[in-house]
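So the structure is just underneath, and the comments pick up after that.
Source: prediction; values computed, not measured.
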Amino acid sequence: QVQLVESGGGSVQSGGSLRLSCVVDGRAFSTYSMGWFRQAPGKEREGVAGINSDGTTTYAESVNGRFTISRDDAKNTVYLQMNSLKPEDTAMYYCAADQRFWASRAILLRGPYTYWGQGTQVTVSS
C-alpha cells in the first residue's frame, strides 16, 4: 500500500502564493505518475496538474501559467507551486499517485490514479 501525505495548505489573499507538498511512502516513487486534484464544495473533483516519471507535465487550462508541478525523487515528494491565486482556486487539494506511466497528457491530468492522500485545504479570499 502506498501512502500519501499532503501539506502546505492554508488561507491567503487573492494574488498570493502557496506551495503544496506531498510525501509518498513508496519504494519506487521515481517511477510513479503523480497528480494534483482539487474539489470545491458542490463541485466535482478536477485534475489540476500531473507529472510523469520522465518529468513530463500537464496542467488544467484554469491554472496554466500560474501553477507549477515538480518532483524531487530523492525526497519522495511532489510539489505544487501556486501563484497568483484567485478565490476560485479555493478547494480541498489532493495528491494522487499511480505506478503506471501514461504517455497521454489527458490521462496524466485526469487519471485513473490508484493512490490518494487525505487532502489539504486551500482558501483564497478576495
Can you check whether [X] reaches [Y] side chain to side chain, under 4.5 Å on heavy atoms?
{"X": "V24", "Y": "R71", "result": "no"}
{"X": "F29", "Y": "D73", "result": "yes"}
{"X": "L20", "Y": "M82", "result": "yes"}
{"X": "F67", "Y": "S62", "result": "no"}
{"X": "L108", "Y": "Y113", "result": "yes"}
{"X": "V2", "Y": "Y32", "result": "yes"}
{"X": "V124", "Y": "E88", "result": "no"}
{"X": "R100", "Y": "P112", "result": "yes"}

query: Hey, any chance L85 and M92 share a hydrophobic cluster, counting ILVMFWY side chains that come within less than 4.5 Å of each other, even indirectly?
result: no
- request: State yes or no: do W36 and V122 share one hydrophobic cluster built from I, L, V, M, F, W and Y residues joined by side-chain heavy-atom distances below 4.5 Å, directly or via other members?
  value: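 Per the 4.5 Å side-chain linkage, W36 and V122 are co-clustered.
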- prompt: Which class fits the ring pair Y94 and W116: parallel under 30°, tilted 30 to 60°, perpendicular over 60°?
  reply: perpendicular
Rounded to the nearest 0.5 Å, how far does [atom2] of [Y] lie from [atom1] of [X]?
{"X": "S126", "Y": "K86", "atom1": "OG", "atom2": "NZ", "value": "13.5 Å"}
{"X": "D89", "Y": "T123", "atom1": "CG", "atom2": "OG1", "value": "11.0 Å"}
{"X": "Q1", "Y": "Y115", "atom1": "CD", "atom2": "OH", "value": "6.0 Å"}
{"X": "I107", "Y": "N52", "atom1": "CD1", "atom2": "CG", "value": "10.5 Å"}
{"X": "E46", "Y": "L109", "atom1": "CD", "atom2": "CG", "value": "9.0 Å"}
{"X": "E6", "Y": "L80", "atom1": "CD", "atom2": "CG", "value": "11.0 Å"}

task: For the pair D98 (side chain) and T114 (backbone), establish whether a donor and an acceptor sit closer than 3.5 Å, ignoring hydrogens and angles.
output: yes
List the atom of [X], the atom of [Y], and the distance in Å for their closest heavy-atom pair.
{"X": "C95", "Y": "L4", "result": "SG-CD2, 3.4 Å"}
{"X": "F37", "Y": "G111", "result": "CZ-N, 4.3 Å"}
{"X": "Y59", "Y": "T68", "result": "OH-CA, 3.4 Å"}
{"X": "M34", "Y": "I69", "result": "O-CD1, 4.1 Å"}
{"X": "F101", "Y": "D54", "result": "CZ-OD2, 3.5 Å"}
{"X": "S30", "Y": "S53", "result": "O-CB, 3.1 Å"}

Qualifying residues under side chain to side chain donor-acceptor pair (under 3.5 Å), relative to S17, sequence neighbours excluded: N83
Results of side chain to side chain donor-acceptor pair (under 3.5 Å) for S21 - residues two or more places apart only: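 Here no residue qualifies.
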- prompt: Does Q118 CD have over 12 foreign heavy atoms under 6.0 Å away?
  reply: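 No - once you tally the heavy atoms of other residues, nucleotides and ligands closer than 6.0 Å, there are 12 at most.
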message: I'd like to know whether CD of Q3 has more than 12 heavy-atom contacts from other residues, nucleotides or ligands below 6.0 angstrom.
response: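 No, the 6.0 Å shell around CD holds no more than 12 heavy atoms from other groups.
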